[in-house]
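Reviewing the structure listed below.
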Amino acid sequence: SMTMSSPLRPLAGNWLAATFLLLAAGVGALWYSAIAAYESAVLRERGRELQAIAELKIGYIEYWLNERRGDAILLSKRQIVAIALAGSGADKAARELAARALPDQIEAYRKAYVYESIVLLDRDGNPVFGTGAAGGQLLAVAAKTARTAVAEGRPVFSPVYSADSGGSRYPGMDMATPIIDSRQAGSPIVGALALHVNLRERLDPFLQQWPASSDSGETLLVEESDGA
């Protein structure tokens, strides 16, 4: 006798195969969706971490700049500095004493606070004397920054520039503060004090520190120049 195969068997087999493929596709879609959601969450978290780190470093830079501004103001308020620039506003003995004592005092200050140079300038930006690497390009920037400080009557910073000292280049910056002679009527501005700092040695090491484990963590400090 002949045995007839049931049409239900291939139908059942096809149904199971189709069901398996649909389930596999569904699992794959769910897996892809889960991975995409996880990556999106990780990216958001990393973005929040980077924003927090950026704000931390910006806060540190602001604090660092305020410290440098305070250094300049503290030194400029010493009366002996004003006497050295007072000219006819101070007696001869006082001027001679200031001329002898001030250079050594400013040099000691420069070494203690780790500045590349400190320059004392008159109202027109002409150097009276300087300590450290105070010459050429550095002196020109110091004079320009000092004239701005005198004109505006407040401490100012120069733009960051590529400084050249002893044949080696580094990112440098100057800060200048006006010197006021409070002994004279009207407390006139008699000059300015300019301090030059090597940013590679004084600021860069702190910017490069990363508060979390990272293979590629890096901080770049940029500034706007001519609208770009």
From [X] atom [atom1] to [Y] atom [atom2], the distance as rounded to the nearest 0.5 Å:
X: Leu120; Y: Asn126; atom1: CG; atom2: CG; result: 11.5 Å
X: Met175; Y: His196; atom1: CE; atom2: NE2; result: 8.5 Å
X: Leu203; Y: Lys57; atom1: CG; atom2: NZ; result: 9.5 Å
X: Leu85; Y: Ile80; atom1: CG; atom2: CD1; result: 11.0 Å
X: Ile106; Y: Ile118; atom1: CD1; atom2: CD1; result: 6.5 Å
X: Tyr170; Y: Glu116; atom1: OH; atom2: CD; result: 4.5 Å

So, for [X] and [Y], which heavy atoms are closest and what is the spacing to 0.1 Å?
X: Gly125; Y: Ala143; answer: O-CB, 3.3 Å
X: Ile189; Y: Gly153; answer: CD1-CA, 3.9 Å
X: Arg69; Y: Pro155; answer: CG-CB, 3.8 Å
X: Ala142; Y: Ala194; answer: CB-CB, 3.8 Å
X: Ile180; Y: Ser187; answer: CG2-O, 3.3 Å
X: Thr131; Y: Pro103; answer: CG2-O, 3.9 Å

### Task
Find out whether Arg68 and Met173 are in side-chain contact, i.e. whether some heavy atom of one side chain is under 4.5 Å from a heavy atom of the other.
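When only atoms from C-beta onward are counted, Met173 and Arg68 do not touch, as no gap falls below 4.5 Å.
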
### Message
Does any part of the side chain of Lys77, heavy atoms only, come nearer than 4.5 Å to the side chain of Ser182, both counted from C-beta?
### Response
no

Check whether [X] and [Y] end up in the same hydrophobic cluster, where Ile, Leu, Val, Met, Phe, Trp and Tyr are linked by side-chain heavy atoms less than 4.5 Å apart.
X: Tyr109; Y: Ile179; value: yes
X: Val119; Y: Val197; value: no
X: Val190; Y: Val128; value: yes
X: Leu75; Y: Tyr113; value: yes
X: Leu74; Y: Val156; value: no

### Query
Testing Val150, Leu195, Asp174, Leu121 for side-chain contact (heavy atoms from CB on, under 4.5 Å) with Thr145, which one passes?
Asp174

### Message
Taking atom CZ as the centre, does Phe157 end up with more than 12 heavy-atom neighbours from other residues, nucleotides or ligands that are less than 6.0 angstrom away?
### Response
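Counting other residues, nucleotides and ligands, CZ of Phe157 exceeds 12 neighbours.
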
### Arg202 NZ/CZ over Tyr115 ring centroid, <6.0 Å and within 45° of normal
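Yes; both conditions hold, so Arg202 lies above the ring face of Tyr115.
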
